[in-house]
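Order of appearance sets the numbers: ligands from 1, and atoms from 1 within every ligand.
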Amino acid sequence: METHTLRDFCQQLPKTELHAHLNGSISDHTLTKLMRRRHLGGQNMTSFEKGRSRTLDECFQAFKIIHKLTEDEESVKMVTGDVIKEFSQDGVKYLELRSTPREEEHTGMTRRSYVEAVLNAIRSPEISALDITVRLLLSIDRKNGAMVAMETVKLAQEYLLTSDDCVVGVDLSGNPKVGHWRDFYPALQVARNTGLKLSLHLAEIPGQDEETQALLELRPHRIGHGTFLKASRNGTSELVEHVRKLKIPLELCLTSNVKCQTVKTYHEHHFKFWFDQSHPCTFCTDDKGVFSTTLSEEYGIAATTFGLSPKQLWDISYNSIDFAFAQHDVKDKLRFTWNEHKHLILRK
Ligand code: IMP
Ligand code: ZN
């Protein structure tokens with residue numbers, strides 16, 4: 001397929017985005033609005049240098065800068081609305097956002113009011129009118145320790161029952177070098193046992209076999225990255241076998257991994273390893289703002305790197321509906337929408 005035709009195809013393809021961190025997904029346009037609100041002009045943009053490759057540690061520095069711009073409920077609501085609109089413009093029909101409920105002493109924002117701000121944006125008339133279904137996972141940031149992890153799960157449990165099916169699960173994320181899995185295990189176990197869906201960042205960096213093995217015992221519903229599953233100490237191994245046997249879907253973020261330098265090149269991305277074994281995989285952006293990408297671009301990169309046909313891209317997108325954390329009736333509607341688009345875009 002020619003480049004421009006592929007680009008159009010990927011844009012028109014209905015897509016599910018299952019791994020998007022709210023604050024990492026903020027576009028340049030929205031960052032500029034946030035800086036204007038804080039009377040910062042544009043000067044911080046250059047030091048931030050969005051989109052360039054950086055080490056994993058540098059990525060986490062970038063999140064710190066962004067968090068300084070979203071320290072109150074109004075900005076959290078604004079960025080949530082903008083991020084959803086941008087995903088919708090990119091042809092995303094089902095979006096699972098994830099975000100860390102954050103407390104900011106000097107603005108008075110609490111973890112609860114943070115979640116409320118995100119939900120208010122999702123339920124606003126402007127967003128409800130869009131052709132996109134949005135669900136929310138509450139993230140446990142590894143750096144915040146055991147107590148905050150449990151508090152986050154308690155909030156998620158409460159909203160699971162009271163948010164009209166909007167809050168559906170919990171994510172474990174944050175700098176993989178920080179914190180010990182034993183700190184999060186009890187909270188994740190409570191989440192797993194009380195009906196919340198679990199998506200865990202696993203094996204994002206090498207040398208975490210013990211943690212990966214322990215967290216896999218929780219039978220997560222999906223895995224974020226899983227970059228070093230196949231390179232674990234004992235070769236292609238127990239961890240791979242375990243994930244394969246349980247058919248745990250992988251959320252794969254090509255550009256994020258290459259830009260954070262946990263994967264050297266697109267060609268070396270572990271997508272190929274899993275795809276060749278027909279393991280359930282879905283493409284995601286991770287942090288479309290920080291890594292300057294879109295989900296359509298991720299599909300395009302996968303197609304050119306791995307020689308995927310339009311039909312294969314279609315199948316990956318369609319099959320991703322199976323791994324969504326939404327209710328059955330929502331998934332049925334999504335399948336209907338996909339099938340409505342199918343002959344229009346695959347026939348071209
Ligand atoms: P937030 O949860 O909406 O504030 O989104 C930003 C947060 O997502 C960061 O502070 C990290 O905790 C998490 N995050 C974003 N990208 C990654 C990643 O690649 N690995 C692990 N955590 C991540
Ligand atoms: Zn992530």
- Does K331 count as lying over the ring of Y94, i.e. NZ or CZ under 6.0 Å from the six-ring centre, within 45 degrees of the axis? no
- Item | Numbering as shown, the atoms of ligand 1 that approach L22 to under 4.0 Å (heavy-atom distance) | 3 (O)
- Item | Contacting atoms of ligand 1, where contact means under 4.0 angstrom from a heavy atom of D141 | 12 (O)
- Query: Taking only heavy atoms of S99, which atoms of ligand 1 are found under 4.0 Å from at least one of them?
  - Reply: 1 (P), 2 (O), 3 (O)
- Task: For ligand 1, indicate whether the residue E204 contacts it via side chain, backbone, both or neither (heavy-atom separation under 4.0 Å).
- Result: side chain
- Item | Polar side chain donor-acceptor pair, E86 to S27, under 3.5 angstrom | yes
- Name the orientation class of the two ring planes belonging to F271 and F275 (parallel below 30°, tilted from 30 to 60°, perpendicular beyond 60°). parallel
- Message: Can you name the atoms of ligand 1, numbered from 1 with element, that are less than 4.0 Å from a heavy atom of H225?
- Response: 19 (O)
- Query: Can you find a non-hydrogen atom of H67 under 4.0 Å from ligand 1?
  - Reply: yes
- Message: Ring centroids only, cut at 6.0 angstrom: are H279 and H270 within range, meaning strictly under it?
- Response: no
- Query: When you look at CD of E105, are more than 12 heavy atoms from neighbouring residues, nucleotides or ligands closer to it than 6.0 Å?
  - Reply: no
- For atom NZ of K33, decide whether the heavy atoms of other residues, nucleotides or ligands shown that lie under 6.0 angstrom number more than 12. yes
- Item | Atom nearest to the Zn ion (ligand 2) - D286, N, O or S atoms considered | OD1
